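Computed from a predicted structure; not experimentally measured.
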Amino acid sequence: MKQPGSEGEGGLWGIVLAAGQGSRLQGITTVGDEAVPKQFCALHGDVSMLRRTLQRAARLVPDPHIKVVVAAEHRKWWERELADLARTSVVVQPSNRGTAAGILLPLTPILRQDPEGVVVLLPADHHVGREWILQAALDQAVATVRTSPDRIVLLGMTPEDEKDSEYGWIVPGGDPSSGPAAVRRFREKPPATETAALLAQGALVNSFVVVARVRTLHALYEERLTDLAALFRRWRGGAASLRSLYERIPSRDFSRELLEPCADRLWVVPVPPCGWTDLGTPARVARCLESQQTEPSPLHPPARTRFVPPVDLSRRLDRALRNA
């Protein structure tokens with residue numbers, strides 16, 4: 001899957017989203033008086049979740065086509081972690097303006113270079129116990145977009161803990177066991193009282209892993225977030241002009257403001273149980289560790305950097321539980 005498509009088909013691109021704060025984990029990620037964003041932490045061992053995600057991306061996308069979105073305020077962590085990447089691969093946000101801007105920032109230059117390309121969005125704070133299952137689903141999603149360029153395909157995770165209601169949910173319009181299906185309903189973090197009804201309809205967890213044609217995804221911005229798209233359309237590059245741009249743009253949410261209103265245009269690839277979690281809360285970290293899905297995957301090569309994650313979540317959680 002690492003080769004670009006046939007002539008006229010466009011290349012394959014990866015956007016790794018690594019600019020989040022991880023505020024709900026600050027109780028176990030704080031060193032001294034400073035909270036370390038969870039993507040720079042390790043679940044256990046000496047490889048960060050960001051590095052695991054880069055390895056995941058590299059199995060699918062040519063290295064020059066991987067863009068990593070980071071925050072300027074996190075430089076002390078990502079500068080060392082990403083020292084082996086080309087400068088053009090690291091996309092620095094001047095400030096946080098929500099996930100919609102965080103995706104549109106790298107998508108804009110990709111659109112100018114390769115509008116017929118296919119882009120894969122990969123959050124940098126996910127743990128996957130069985131990578132080969134996720135890999136097969138990613139391959140299937142890319143193949144779906146290659147054959148149906150107007151589709152925006154989400155990876156829907158089979159719920160492995162139905163008590164956790166703090167996810168977004170995708171209800172397939174068909175039998176999810178038969179492969180990619182049109183989305184009948186998309187609900188981004190609904191009230192807990194609604195979750196049971198969604199699960200009864202066969203809902204899958206929104207992983208925030210998205211695959212789409214570059215021009216198709218950008219067209220969604222042009223339609224739903226016209227003001228944001230117009231501002232980025234006029235941006236031609238440069239750190240100073242980017243800072244000025246970020247001073248003017250509003251904070252917008254990708255899932256809630258682009259995906260949820262357009263559920264009838266989305267497709268979903270159901271992912272069988274693979275030990276996936278976004279490690280968004282201490283409880284999810286604890287459940288992940290208890291599941292014993294934390295052995296290094298054979299798909300993960302050794303880390304390529306000497307960056308040592310400042311926090312090992314398994315040790316921090318164990319210490320917090322002992323002190324409770």
Does [X] come within less than 4.0 Å of [Y], counting only side-chain N to carboxylate O?
{"X": "R233", "Y": "E222", "result": "yes"}
{"X": "K38", "Y": "D278", "result": "no"}
{"X": "E81", "Y": "R51", "result": "yes"}
{"X": "R252", "Y": "D227", "result": "yes"}

Residue set satisfying side-chain hydrogen bond (donor to acceptor under 3.5 Å, both in side chains) with R112, at least two apart, ordered chain then number -> none

So do [Y] and [X] actually touch side chain to side chain, heavy atoms under 4.5 Å?
{"X": "W78", "Y": "V92", "result": "yes"}
{"X": "Y167", "Y": "F208", "result": "no"}
{"X": "L17", "Y": "T99", "result": "no"}
{"X": "R185", "Y": "L198", "result": "yes"}
{"X": "V214", "Y": "D114", "result": "no"}
{"X": "Y221", "Y": "I103", "result": "yes"}
{"X": "E247", "Y": "S95", "result": "no"}
{"X": "V209", "Y": "P123", "result": "yes"}

The side-chain contact (heavy atoms from CB on, under 4.5 Å) partners of R184 (sequence neighbours excluded) come to V171, Q201

Those residues at least two apart in sequence (or on a different chain) that pass salt bridge (Lys or Arg N to Asp or Glu O under 4.0 Å) with R215 are E116, D150

